[in-house]
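Let me give you the structure first, and then I'll get to my questions.
Letters go in sequence order (proteins before strands), and every chain restarts at 1. In this text the structure is predicted, and so the values were computed from the model without any measurement.
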Amino acid sequence: MSLLDALPTPRIRWEGQHPNVVLISLSLVMLCAFWTVDVVSLAPNRIVMGTGYGALEAFGWPGVVLITLLLSSIGLFACQPTLPHYRALLTVVVGLMALMPVGLIASGLLLIDPELPQARLGIGTAYWVVLFVLMLCLVEIRLRLNLTRLWPTLLLTGVALVWWLCAALWLDNLALVQEFRARDRQFLTAVGQHIRLVSIAVGVSVVLGLLLAMLMRRYARLQKGAFTLLNFLQTIPSLALFGLLLAPLAWLAAKVPFLAQLGVSGIGTTPALIALIAYSLLPMVRNTYIALEEVSPDTLEAAKGMGMRAGQRFWQVRLPLALPVLLEGVRITTVQAIGLTAVAALIGAGGLGTFIFQGLGQAAMDMVLLGALPILIMALVVDAGLGALAEALRPGGH
Amino acid sequence: MIELSHVSKRFDTEIAVDDISLRVPKGKFCALVGTSGCGKSTTLRMINRLIEHSGGEIILDGQAIEAYDPVKLRRRIGYVIQHTGLFPHWRVARNIGLVPRLLKWPAAEVQARVEELMGLLGLPVGEFGHKYPHQLSGGQAQRVGVARALAADPDILLMDEPFGALDPITREKLQDELAKLQARMQKTVLFVTHDMDEALKLADHLVVMRDGRIVQQGTPLALLQHPADPFVESLLGGLERGLKQAALTRVRDHMTSMGPTLPAQSRIPADFSLRQALSMMLRDHSDRLTVVDQHDVPIGELTLRRIIKEAQFDRGSSRE
C-alpha cells in the first residue's frame with residue numbers, strides 16, 4: 001500500500017471536475033474479471049483439482065445483478081467525482097469488501113451437494129482480482145478525500161473482522177478454513193515462530209544498525225567498506241545464504257560444545273537468524289545513517305552554540321529529528337524480513353513458510369495460501385502501522 | 001568585555017584568520033564587516049569555541065577562553081545564526097527556554113523568562129508559544145532566535161548575519177528593534193554582517209576584514225571620513241559615502257537659531273538625520289528647513305549652505 005501512497009497527492013479541485021479515469025478503469029477491470037473468470041472452484045476432496053464456476057453459477061441471477069450494479073456504480077460515481085460521490089464510493093468499496101465472504105457463503109449453498117459434505121470450496125481468480133482492485137480503489141479514494149492513513153486502516157480492520165466471523169461461523173466448506181481446522185495448533189505455533197524470528201532479527205538489526213551507523217559517522221573510512229560489504233550480502237540469493245551458512249555453523253557447533261549448547265547448529269533457528277540479520281542490516285544501516293546525516297547542520301550548530309553537550313545534542317536533537325526516516329528503515333526492514341522468514345522454513349526454522357513448502361510439496365494450493373495469506377496480512381499491517389507512526393513523528397507534526 | 005589579541009586560525013595549509021586584534025568594551029556594539037570568506041564568521045565562532053583558535057589570545061571578562069569549559073562558556077554567551085537554527089521539533093516556547101533549562105533553572109522561572117522575552121520581541125505568548133518553527137515567517141523565526149539567545153540573560157551576544165536571509169523590509173524592522181533593545185540592555189555585542197548599511201546603522205565600532213586580516217577599524221563616522229584604502233571605500237559605497245555620512249548625523253547638531261526671515265514651510269524633527277533633511281529639501285525644492293522638537297514647536301532652522309559647508313560632519317556627532 002505504501003508504494004501507492006508514495007504517489008503525489010493530487011490537489012483537490014471540486015469545481016469543474018474531470019471524470020476520475022483511474023476509478024472508471026478499475027471498475028471496468030473488476031466487471032470484466034467478474035463476468036469472465038472463475039469466481040469459485042469446487043473439489044470433491046483435497047487431492048482432486050477443483051472445477052471452476054463462473055459468476056452466474058456461483059451466485060445465481062439475483063447475486064450477479066446486485067454485484068454488477070455495485071461494480072458499475074463505482075464507474076458511474078467516478079464520472080462525476082464530487083465530494084459526496086467520493087464518500088459514496090468509499091461506502092460502496094468497503095461494502096463490497098465486506099460482502100465478499102457473504103458471496104462465498106451463498107455460492108456454497110448453491111453449489112455444494114448436501115450429500116457430499118467433504119466438498120471443498122476454493123476462492124477463484126475473479127475473487128482475488130476484485131479484492132486487489134478494490135484495495136487500489138481504496139487508495140485512490142483515500143488520496144482524493146485527503147484522509148490520513150488511519151481511516152483506511154480502521155475500515156480494513158472492520159472488513160477483516162467480517163471475513164473472520166463468516167469464516168468461523170458459516171464457511172466450513174471453504175478449503176482455506178478446512179486447511180486451518182486440520183492444523184490450527186500448528187498454524188498458531190507457526191505464526192508465533194514467524195513473529196518471533198522477525199522480531200529478533202529486526203530488533204537485533206535496529207541495535208546493530210544504530211551502532212554501525214554511529215561508528216560510520218565517527219570513522220569516515222569505515223563507511224565505504226561497511227556499505228560495500230552490506231551491499232554484497234544483499235546480492236546473495238536468500239536460498240544460497242541459508243545454504244552457505246549450513247556448513248560453517250555445523251562445523252562450529254561440532255568444534256565448540258558451548259556454542260552447540262547455546263543452540264547453534266547447521267540448520268534451525270540460528271542460521272536463519274544470522275541470515276535474516278545479514279539481510280536486514282543494509283536497509284537498516286543505510287536509513288539510519290542517512291537519517292542521522294540529514295539533520296540540518298544549522299540546527300546542530302545552534303544546539304552546540306547554545307551549550308548542549310554531545311549527549312544532549314544526540315538524544316534531544318539529532319535522534320528525534322532523524323526518527324521519521326529511521327522508522328522508514330525499520331518499516332522496510334521488517335516488511336522484507338517478514339517475507340524472507342518464509343524461506344527460512346527450508347532450513348528448519350519453522351514459521352509460516354512451513355505451510356508454503358509443505359503445500360507446494362503436496363500440490364495443495366490451499367495449504368500454500370494458509371501460509372502465504374498471513375504473511376501478506378502481517379506485511380500490510382506492519383507497513384501501515386509503522387508508516388502511520390513515522391508520519392505522526394514528523395518534526396512539528398508536518 | 002571581549003578582547004582578541006593577535007588571533008589567528010589555520011585550517012591545514014590555509015590561513016583563515018591572520019593576526020587580528022580587536023576589543024569590544026562592555027556594553028558596546030561591534031560589527032565585523034567584509035565580503036564572504038573573509039574570516040569574519042570564523043572569528044566569531046572562535047569566541048564561543050565552536051572553532052578553536054590556533055594562535056594569539058582571546059580574553060573574555062579578563063580570562064582567556066581556554067580557561068572556561070566550552071559548554072559552560074557557550075551557555076553564558078548568546079548566539080544567533082543566519083538560518084535561526086531553531087529546533088523544528090520543539091514549539092517556540094520550548095526553543096526559547098533552551099539555555100535556562102540547560103542551566104537547570106526552576107521550571108516556573110524558565111516559563112516566566114520565556115513570557116517576558118516573547119513580550120519584549122513582540123511575539124504574544126498566546127499566539128506564538130505553541131507554534132512550531134515551520135509555522136512562523138522568516139522575521140518571526142529570527143525574533144525567536146534572538147529571544148533564545150537572550151534567554152539566560154548573557155552579557156555577551158554573538159550574532160552571525162542574523163538578518164541576512166530576510167527580505168529588506170523585515171530586515172530593516174528587525175534592525176530597528178535590535179537597536180532599541182541594545183539601547184535598553186547594553187549587551188556586549190559582536191555582530192557579523194556583509195551589509196555595510198546594517199553595520200553603519202547598528203554599530204558603535206566597525207571592523208572591516210579582508211582575506212582574514214583587519215583592514216581598518218574605528219567608529220562608523222571615522223571610517224566614512226577617512227577610509228584606509230579603496231577596498232574600504234568601495235565597501236562604504238564609493239560615491240554614496242557622503243549620503244551615508246549624512247545619515248549618521250542628526251539635524252539637531254547642525255541647526256542654527258531662527259533667522260530674521262519668515263520660517264520655511266517644510267518642517268523636520270530635530271532627531272532626524274541630515275540625509276533625511278537633504279531628501280526633504282530635494283522633494284520640496286527648498287534650501288531651508290524649519291527644525292521642530294517632538295511637540296512640533298519650531299526650535300531652529302537648517303540651510304543647505306550650512307550642510308555643505310560643514311560637510312566634514314566632524315563636530316558634535318551623536319554617535320561619538
- Please report the closest heavy-atom contact between A/Gly305 and B/Leu50, naming both atoms and the distance. N-CD2, 3.9 Å

- How far does CH2 of B/Trp90 sit from CG of A/Leu321, to the nearest 0.5 angstrom? 10.0 Å

- Note on the structure: CD1 of B/Ile81 to CG of A/Asp298, rounded to nearest 0.5 Å, is 4.5 Å

- Note on the structure: Residue from B/Leu102, B/Leu158, B/Val99 scoring the most non-hydrogen pairs under 4.5 Å with chain A is B/Leu102

- Item | Best-contacting candidate, B/Gly85, B/Ala151, B/Pro154, against chain A by heavy atom pairs under 4.5 angstrom | B/Gly85

- Task: For atom CZ of A/Arg196, decide whether the heavy atoms of other residues, nucleotides or ligands shown that lie under 6.0 angstrom number more than 12.
- Result: no

- Query: Between A/Glu301 and B/Arg45, does a side chain to side chain contact (heavy atoms under 4.5 Å, CB included) hold up when you go through it step by step?
  - Reply: CA-CA 10 Å; A/Glu301 152 112 1; B/Arg45 289 149 54 93; 2.4 Å; yes

- Message: Taking atom NZ as the centre, does B/Lys28 end up with more than 12 heavy-atom neighbours from other residues, nucleotides or ligands that are less than 6.0 angstrom away?
- Response: no

- Query: Side chain, backbone, both or neither: which part of B/Asn95 has a heavy atom under 4.5 Å from chain A?
  - Reply: neither

- Task: Just give me the residue among A/Met306, A/Gln316, A/Lys304 that pairs up with chain B most often, heavy atom to heavy atom, under 4.5 Å.
- Result: A/Met306

- Query: Looking only at heavy atoms, which two atoms of A/Ala303 and B/Phe87 are closest? And how far apart?
  - Reply: CB-CZ, 3.6 Å

- Message: Can you tell me if B/Arg10 has over 12 outside heavy atoms packed within less than 6.0 Å of its CZ?
- Response: no

- Task: Identify the two heavy atoms, one from B/Arg75 and one from A/Gly307, that lie closest to each other, and give their separation to 0.1 Å.
- Result: NE-O, 2.7 Å

- Structural part of B/Arg49 lying under 4.5 Å from a heavy atom of chain A: neither

- Would you say A/Leu154 has more than 12 foreign heavy atoms packed within less than 6.0 Å of its CG? yes

- Message: Taking the side chain as everything from C-beta on, heavy atoms only, tell me whether A/Met308 gets closer than 4.5 Å to B/Leu98.
- Response: yes

